[in-house]
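We name chains A, B, ... by the order of the sequence lines, and we start the count at 1 in each one. Scope of the values below: all heavy atoms of this structure, side chains included, with no hydrogens, waters or symmetry mates.
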2 protein chains.
Amino acid sequence: MRQFFTITELTREFDISTRTLRYYEDEGMIAPLRRGRRRLYSISDRTRLKLILRGKRLGFTLAEIREIVTMYDAAPGEAGQLLHFLNKIAERRADLLQKRSDIEITLRELEEVERGCHERLGALGSADVD
Amino acid sequence: MRQFFTITELTREFDISTRTLRYYEDEGMIAPLRRGRRRLYSISDRTRLKLILRGKRLGFTLAEIREIVTMYDAAPGEAGQLLHFLNKIAERRADLLQKRSDIEITLRELEEVERGCHERLGALGSADVD
DNA sequence: ACATACTTTTACGTAAAAGTCAATTAATAT
DNA sequence: ATATTAATTGACTTTTACGTAAAAGTATGT
């Protein structure tokens with residue numbers, strides 16, 4: 001894998017706009033290097049971006065995502081901070097578990113609806129099947 | 001369980017504002033009865049609301065939620081529509097499966113971060129444990 | 001040197017999902 | 001009867017997460 005990526009390479013790979021990438025930078029989510037004025041995204045920038053997009057898919061706000069992403073690269077050194085950190089983690093986990101349970105329920109409900117559809121289709125189809 | 005709920009009862013139960021409930025009504029997501037000008041929410045209104053809030057927690061937009069919620073109470077009668085319907089369901093399911101996988105990954109990552117925190121805490125704590 | 005294709009910054013616009021405020025109206029308590 | 005409380009409508013505002021357009025810089029091929 002390459003060392004660096006241009007902005008358009010990333011926009012293509014992840015199907016987002018340059019505006020989005022620059023916005024994330026403005027918001028302090030990613031800080032690519034520059035060659036002259038051009039942005040150069042490192043592999044770890046790319047990884048951060050993946051994290052951000054995953055967060056988005058899960059419906060987290062950028063502020064929430066910032067918190068999560070920040071956790072990954074900076075575990076603080078002081079005990080009090082570490083405890084605070086662990087609390088944040090617990091919060092996020094609770095959030096994720098809630099989401100997961102919501103998903104399970106919804107999947108089951110969709111299955112039911114789907115079964116209903118198939119039954120109806122069957123009833124209709126029995127009139128003229130090949 | 002009671003037959004009807006007032007708007008404030010629902011705002012309290014679900015920790016949302018009256019503005020939100022009225023907004024959902026404007027958007028055609030819920031249609032409570034009226035006694036005079038006052039809204040009376042039925043049990044099924046309340047159920048719809050739960051569905052909406054679940055959708056929100058999962059990061060779906062109101063438009064997407066409307067699609068989902070609509071599926072629950074109206075399976076169409078015509079074959080073509082039923083197939084179209086099944087497609088919608090498949091889309092939603094794909095979305096949910098993606099989300100679920102994102103969640104699993106994130107949960108595991110959080111666990112790692114947490115382990116790291118505990119290790120550090122342990123290292124600090126060994127200086128002066130009770 | 002020149003066209004072409006990217007890229008950058010700056011600035012303003014916008015859609016979704018509410019929040020907030022004001023003016024009324026209706027219901028209830030005293 | 002009146003004060004208080006709750007609910008309604010309507011208008012305006014705010015926040016988030018970008019979109020879009022303008023104007024100018026930079027790299028590349030020919």
Side-chain angles (χ1 to χ4, degrees), chain A residues 2-42 45-46 48-70 92 95 99 102, chain B residues 2-42 45-46 48-70 92 95 99 102:
Chain A
R2 226 131 13 97
Q3 278 280 324
F4 289 105
F5 307 87
T6 73
I7 196 169
T8 23
E9 280 169 348
L10 290 187
T11 63
R12 278 177 192 142
E13 179 172 2
F14 296 108
D15 195 29
I16 55 180
S17 68
T18 58
R19 179 72 179 87
T20 298
L21 273 168
R22 295 194 193 107
Y23 179 65
Y24 291 166
E25 188 173 340
D26 281 352
E27 294 294 305
M29 314 280 294
I30 307 187
L33 294 177
R34 304 295 173 115
R35 178 174 51 192
R37 333 198 311 152
R38 306 239 167 138
R39 291 164 175 84
L40 278 188
Y41 293 86
S42 71
D45 290 330
R46 184 165 163 283
R48 278 178 86 87
L49 177 57
K50 276 203 223 179
L51 285 178
I52 295 169
L53 297 177
R54 203 167 73 202
K56 291 240 72 185
R57 284 199 299 274
L58 292 176
F60 288 112
T61 67
L62 283 187
E64 289 165 325
I65 294 171
R66 196 198 329 275
E67 262 200 7
I68 300 177
V69 170
T70 310
R92 283 295 132 238
D95 210 307
K99 278 186 209 287
D102 284 336
Chain B
R2 229 133 10 97
Q3 279 279 323
F4 289 104
F5 307 86
T6 72
I7 196 168
T8 21
E9 280 169 348
L10 290 187
T11 64
R12 277 178 195 145
E13 178 172 3
F14 297 109
D15 194 31
I16 55 180
S17 69
T18 57
R19 180 69 180 86
T20 298
L21 273 167
R22 295 191 196 109
Y23 179 65
Y24 291 166
E25 187 173 343
D26 281 353
E27 295 295 304
M29 313 281 295
I30 306 188
L33 294 176
R34 304 292 176 115
R35 178 175 52 192
R37 335 195 307 151
R38 306 240 168 138
R39 290 164 175 82
L40 279 187
Y41 292 86
S42 71
D45 288 329
R46 184 165 163 284
R48 279 177 85 89
L49 177 58
K50 277 203 221 177
L51 285 179
I52 295 170
L53 296 177
R54 203 167 74 203
K56 291 242 74 185
R57 284 199 300 273
L58 292 176
F60 288 112
T61 67
L62 283 186
E64 289 167 325
I65 294 172
R66 197 198 326 275
E67 261 200 9
I68 299 175
V69 170
T70 311
R92 283 294 130 237
D95 209 306
K99 279 186 209 288
D102 284 335

Next on the checklist: Taking 4.0 Å as the cut-off, does a side-chain nitrogen or oxygen of Tyr24(B) come that near to OP1 or OP2 on dA17(C)?
Outcome noted: no
Item to check | Electrostatic pair Arg92(A):Asp95(A) at N-O distance under 4.0 angstrom | outcome: yes
Checklist entry - Base, sugar-phosphate, or nothing: which does Arg39(B) touch, judged by heavy atoms less than 4.0 Å apart? => result sugar-phosphate
Checklist entry - Can you check the Asp26(B) CG to dA11(D) P distance for me, whole Å? => result 12 Å
Item to check | Minimum-distance pair of heavy atoms, taken over all atoms of Glu64(B) and Gly59(B) | outcome: OE1-O, 4.4 Å
Checklist outcome for this item: Between OH of Tyr23(A) and C1' of dA11(C) the distance, given in whole Å, is 16 Å
Checklist entry - Is the distance from OP1 or OP2 of dA18(C) to the nearest side-chain N or O of Lys56(B) less than 4.0 Å? => result yes
Next on the checklist: How about CG on Asp15(A), more than 12 heavy atoms from neighbouring residues, nucleotides or ligands closer than 6.0 Å, or not?
Outcome noted: no
Checklist entry - Do any side-chain nitrogens or oxygens of Arg19(B) fall under 4.0 Å of OP1 or OP2 in dA17(C)? => result no
Item to check | Any Ser17(A) side-chain nitrogen or oxygen under 4.0 Å from OP1 or OP2 of dG19(D) | outcome: yes
Next on the checklist: From CD of Glu25(B) over to P of dA17(C), roughly how many Å is that when rounded to an integer?
Outcome noted: 17 Å
Checklist outcome for this item: Comparing nearest nucleotides in DNA chain C, the 5'-proximal residue of the pair Arg35(B), Leu62(B) is Leu62(B)
Next on the checklist: Assuming nearest nucleotide by heavy-atom distance, tell me which of Gly36(A) and Thr18(A) is located more 5' along DNA chain D.
Outcome noted: Thr18(A)
Checklist entry - Within this structure, what is the CG-to-P distance between Leu40(B) and dA7(D), rounded to whole angstrom? => result 11 Å
Item to check | Distance test, side-chain N/O of Thr8(B) to OP1/OP2 of dA6(D), below 4.0 Å | outcome: no
Item to check | Pair Thr8(A)-Thr11(A), side-chain donor/acceptor within less than 3.5 Å | outcome: no
Checklist entry - What's the CZ-C1' distance between Arg37(A) and dT10(C), to the nearest Å? => result 11 Å
Checklist entry - Should Arg34(B) be listed as having a side-chain N or O under 4.0 Å from OP1 or OP2 of dT25(C)? => result no
Checklist entry - Is Thr6(A) near enough to dC6(C) that one of its side-chain N or O atoms lies under 4.0 angstrom from OP1 or OP2? => result no
Checklist entry - Could you give the CD-to-P distance, from Glu27(A) to dA17(D), as a whole number of Å? => result 8 Å
Item to check | Interatomic distance, Ile65(B) CD1 vs dA18(C) C1' [rounded to whole Å] | outcome: 13 Å
Checklist entry - Between the base of dT8(C) and the side chain of Arg38(A), is there a donor-acceptor distance below 3.5 Å? => result no
Next on the checklist: Apply salt bridge (Lys or Arg N to Asp or Glu O under 4.0 Å) to residues Glu13(A) and Arg2(A) and explain how you reach the verdict.
Outcome noted: CA-CA 14 Å; Glu13(A) 179 172 2; Arg2(A) 226 131 13 97; over 6 Å; no
Item to check | Nearest listed nucleotide, side chain of Thr20(A), among dT7(C), dG19(D), dA16(C) | outcome: dG19(D)
Next on the checklist: Whole angstroms only, please: what is the CZ-C1' distance between Phe4(B) and dA7(D)?
Outcome noted: 18 Å
